[in-house]
Amino acid sequence: MLLIPCPWCGPRDEAEFHYGGQAHVPYPDDPAALTDEQWARYLFFRDNPKGPHAERWSHAAGCRRWFNAVRDTATNELLAVYRVGEARPDHGPGAAPRSAAPRRGARDDSLGRAPEGTVGAARAAVGDPAADRRTAVVEPVERPAVRQPFRLPTGGRIHRDQPLRFRFDGVEYQGYRGDTLASALLANGVHQLASSVRLGRPRGIFSAGSEEPTAVVQIEEPFPEPMLPATTVELHDGLVARSLPGQGRLAGEPDPARYDAMHTHCDVLVVGAGPAGLAAAASAARGGARVVLADERPELGGSLLGSAQLLDWAADIGAELAARDEVRVLRRTTVFGYYDDNHLLAVERRTNHLGDAAPAHISRERVWRIRARQVVLATGAHERSIAFADNDRPGIMLADAARTHLNRHAVLPGRRAVVFTTGDSAYAAALDLAAAGVHIAAIADARPAPGGAAERAARAGIEVLTGHAVTGTAGEGRVSSVTVRALRDGQPTGPDREFAADLLLVSGGWNPAVHLFSQAGGRLRYDTAIGAFTPDVCRQAVRVAGAARGVFDLTGCLADGAEAGKGAAEEEGYAVAEPLPLPSVPEADEPVAPAQPLWLVPGRNGSATHFVDLQRDVTVADLTRATGAGLTSVEHLKRYTTAGTAHDQGKTSGVLTSGVVAHLLGVDMGALGTTTYRAPYTPVGFATLAGRDRGALHDPVRVTALHDWHVRRGAVFENVGQWKRPWYYPSGEEDMAAAVARECRAAREGVAFMDASTLGKIDVQGPDAGVFLDRLYTNMMSTLKVGMIRYGVMCRADGMVFDDGTVIRLANDRFLVTTTTGNAAAVLDWMEEWSQTEWPELRVRCTSVTEQWATVALVGPRSREVLSELAPQLAVSAADFPFMSWRDTQVAGIPARVCRISFSGELAYEINVSPWHAQALWEALSATGEPLGITPYGTETMHVLRAEKGYPIVGQDTDGTVTPQDMGMDWVVSKKKSDFVGKRSHSRVDTARTDRKHLVGLLPEDPSVLLPEGGQLVERDRLPEPPVPMLGHVTSSYRSATLGRTFALALVRGGRQRVGQRLYVPVGEELVPVTVANPVFYDPEGARRDGS
Amino acid sequence: MAADTVTRRSPLAHLAGRLARATRQSGGALRLAELPYLAQINVRLDPKGPAAEAVRLALGLPLPTEPGTCVRGGGRTVLWLGPDEWLVVGPDGTAGDLEARLRAAIGDEPGAVTDVSAQRTTLLVSGPAARDLLAHGCSLDLHPRAFGPGRCAQSTLARAQVVLVARDQPRSGFWVLVRSSFADYLAEWLLDAATEHVTVPE
């Protein structure tokens, strides 16, 4: 969310502001002197530049001040804010993009990019105590009595003392706390978890993390959830899941779990708690900065968990961070979106891993809305695949994923493996697996001269085939053999060599996880050395550290992270005194030789099983077809082939797709580019995003001080904006029509009362208050006498009715203005806009007092009797208390302001008291009026009563295209005032037409037919061929007990000239005949106003 | 005044029991209560004009001109609401006197004094978990480094506009002033948010 710097309150979320259109478009000095065209130019024409644009904004939810801002319409960047009346300032071009790399000196080159592609993790087992332990382990004996035949007896980050039972595809298995569903299935020898969406091919577990493209499962219990990667589902007792043929199923029942959201602010947000992220967070925290560290895994450590390196260091840093007051460590938290002004969204999975044991009062998932002054992205890298024939069988896995399943979960992903690699990192995986007892049949390294890592593998007795590639696989359900051939100039050559294997490890290189950087608006550049896109520059305050920017050696990642954390904290003014001491990594554990990008291994029989996107079943053949059809942009290719559009958004396949396309087109990869990265990084549930904004808390419900009484009385409520207003009060078995008829009769014949507290009220004070209101209302307000009340209409500058209400004059310099219920905030905003921006010289101030007063309308010929009894000090006769006047008095002992106004045509009062006393007033009215049959009535009765009198409701009988004259209210438009807002528009040619739509009455010829509101009006009793000319529409339609028939109001073209004419309203298949009538159906002479 | 004999009812009177229960159930983490009937007078005037000085003398407190700040003294708190707008908050029963005093102080100078005591009610949100509770629905940084004693702000909490006031002792929680018609919604929202802090079931 954008931060808008209010010139007074400082930066606030954009949601607190209203946009007010182009700035510096002054109201003309003399609108009357302008031609229609000049006036239209002022009204309707605005600039629409690409680039800097001066605009008006209001800090509506804050200080309510209008101000001006220069915003770049292309980047949304706010270049300057300034106060109304100030000249538009010169502004710079906006923040210059800055490099994602830590800003540091000569060390950059020495520590920067390692020469080859492996994630920051050490490789060989030599000298690693944990590895030594593993080498001592003999291959586990398969005992049929013990489940989990592929589980090692020791090692890993699982808790063997906490066995867990779960079911997959109907079979019960056992795993351990610390497992993912994927690792637990691997431990039980289950590799096929899904079949592919388009081709139905068996698919297995490809990765060990959130980048998983294929192992997508349906969770059934504890609560149904579709399409979760098994590699991210933490195992818990009682989990029930099943494999998916491509698509999942949403739950049919409501989700009982709680979800919530939390805002947080920090100096430094570190995303990713691998070696670089931990070092960054610790560096920043030691300087005293407020730090948030978020990582998607349950444990801190990132890639260290998979490589089993520096685990003690990671634990120590984790403990240090946890002990600091100003550090918030969020585990199981995926930062999924990076928005304007360093606003990042993350989802924390808080109790999913507890299964049935999750406490009901703790939210299951939480959305974090993080506003960070500085961001360090230490998001690591994703290993990628290579396109070769039949590269999608279960048992084919990314090399580092196999290593992670081994080291983190103590699981053997197979017994006999072939490794296909283009870099050094896969050797570390091979050696770890070999040490754990997996037979490595061969390593096919596409590089002709791989160097040291290959030599070490050869020394360990592994056959290393340099300059070789995997050209195909075989197997039913799971890979059973792998074919390897020599590679010359990218073409397979020489004889096939076939290896029996139940596991094929693939490493096609590493893609820095640049997703968030790209979402932030950062530019990427292609790095030919690693064959991947890396962060370049970004306008936001963001740094990228470690593998996320292509630093693939562990020593480099640690230093990179520490530097980024220190730099971020220092930029926020924290002094980081000492550099973070970093652990040393044995040189032999670091990658040495450069990786060599390899995208495609041509096959003998085309490329229809050379998969690039395993989830969408997109193959090299599909890409070839697309490029053959003339597509050359990756964005077009993505949409044509669907590559990269699945739940994983192509994390493991996107760069491979680009590589293959570049190869097919014979273009440079850097020039081809990537598709756009968009939030969310991983899928987020709708329930999570909705959080607590559901049910009763979905939207505020506004209630009056009398709400409880209405509820007790059994009112049926109507929503009016956010207000709940009583619609009608059914008595016994009454239906709505009966209740409304009874309420109307009481108001017309006896006495009735209504809660009118929702009307907007604005206190307008100051010596120029009268002038101010004269300019905003169509009629004259400055001539109103103190003690009197006047009805008024406001128009927009285009002359259309905006709001109406009463204005009461409290003192020479003070008025109380009422607005319609729905427009209260808009009218106050409107008043502030004019007084702050156009008429700052007027000495007038407006204050909302909507809830300062509760208002009860007391209506009916016998209302005076009730009031008189409750207000003995008040002279209530029509002569003493005339229509459209007000009195301060006491009603039922309560200080009250009583207004003699009527929205029904009957004798009526509006009694205003403090809402603290509203209930006491209401009960007194109820008790005193009881002998007279006083009746509470709701909004429906109010509508019938006012419509019988032809009183329009702004927003129901008007729609922003209706002038006061259209409503037949020419009398409310002053002819004396030289100007008011909207006046000039009333004399425009278009608004002065005589055939505009007028508000008129309609009487259905059958007095029992109720016209539908919104029904159209046509001229003839038979519909012509479409298009049918429409004359207007029904705006209000009711049954009237008083008239003994139905009636309606309508906006009709040239309506006043049509009074008496017959028109038709199509209802279903029928054309209902109606007669156009004067809209005042009841008491047109106004005889009832003063009662008897 | 005759009104004294009439039963008053505050916007959150019907939730007093539930707010108290949430306080008890939180085991000390939270304190939630309505502070009803506080006198609240809205004052609008030119901060550079003579009226500002007259008001300072009448209140014994300056009208703060630093955005987002408040001053306290003599049982009253003056909140900055805008560059020409303040809210003077005082004890129950003092609104009439306060309004009259302010109006007299301003005299013929242009300005506005408006009793808005019933326009908003006040929620007390305090306890060690207060900041977390508000952070569920407020995008402002309420950390003591950014929003300590002497700070106030108009913003939104959940979907309601509020005035937030940091209480005068560090980490002693907040006042949340909310429009009376939104009070029930906001209190329900706070009670729902407090669910996580139930540690002492009844």
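To find a chain, count down the sequence lines: A is the first, B the second, and so on, and within it residues start at 1.
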Within residues 188-200 of chain B, contacts to chain A at heavy-atom distances under 4.5 Å involve B/Glu188, B/Trp189, B/Asp192, B/Ala193, B/Thr195, B/Glu196, B/Val198
Under 4.5 Å to a heavy atom of chain B? For A/His698 that would be backbone
Most contact-rich option vs chain A, by heavy-atom pairs under 4.5 angstrom, among B/Asp184, B/Thr156, B/Asp115, B/Leu134, is B/Asp115
Bottom line for A/Trp723: the part with an atom under 4.5 Å from chain B's heavy atoms is side chain
Note: vs chain B, highest number of non-hydrogen pairs under 4.5 angstrom among A/Arg843, A/Arg12, A/His707 is A/Arg12
Residue set satisfying side-chain contact (heavy atoms from CB on, under 4.5 Å) with A/Arg814, at least two apart, ordered chain then number -> A/Asp763, A/Gln765, A/Leu810, A/Ala811, B/Glu99, B/Arg103, B/Thr114
Okay, A/Ala918 and chain B: the region with an atom under 4.5 Å from a heavy atom over there is neither
Bottom line for B/Asp46: the part with an atom under 4.5 Å from chain A's heavy atoms is both
Residue set satisfying side-chain contact (heavy atoms from CB on, under 4.5 Å) with B/Ala105, at least two apart, ordered chain then number -> B/Ala54, B/Ala58
Residue pairs passing the ring-ring contact (aromatic ring centres under 6.0 Å, His included) test with at least one member in residues 11-57 of chain B, sequence neighbours excluded, are A/Trp916-B/Tyr37
When the 4.5 angstrom heavy-atom criterion is applied to B/Ala183 and chain A, the contacting part is neither
Honestly, the part of A/Ser914 sitting under 4.5 Å from a heavy atom of chain B is side chain
Under 4.5 Å to a heavy atom of chain A? For B/Arg120 that would be neither
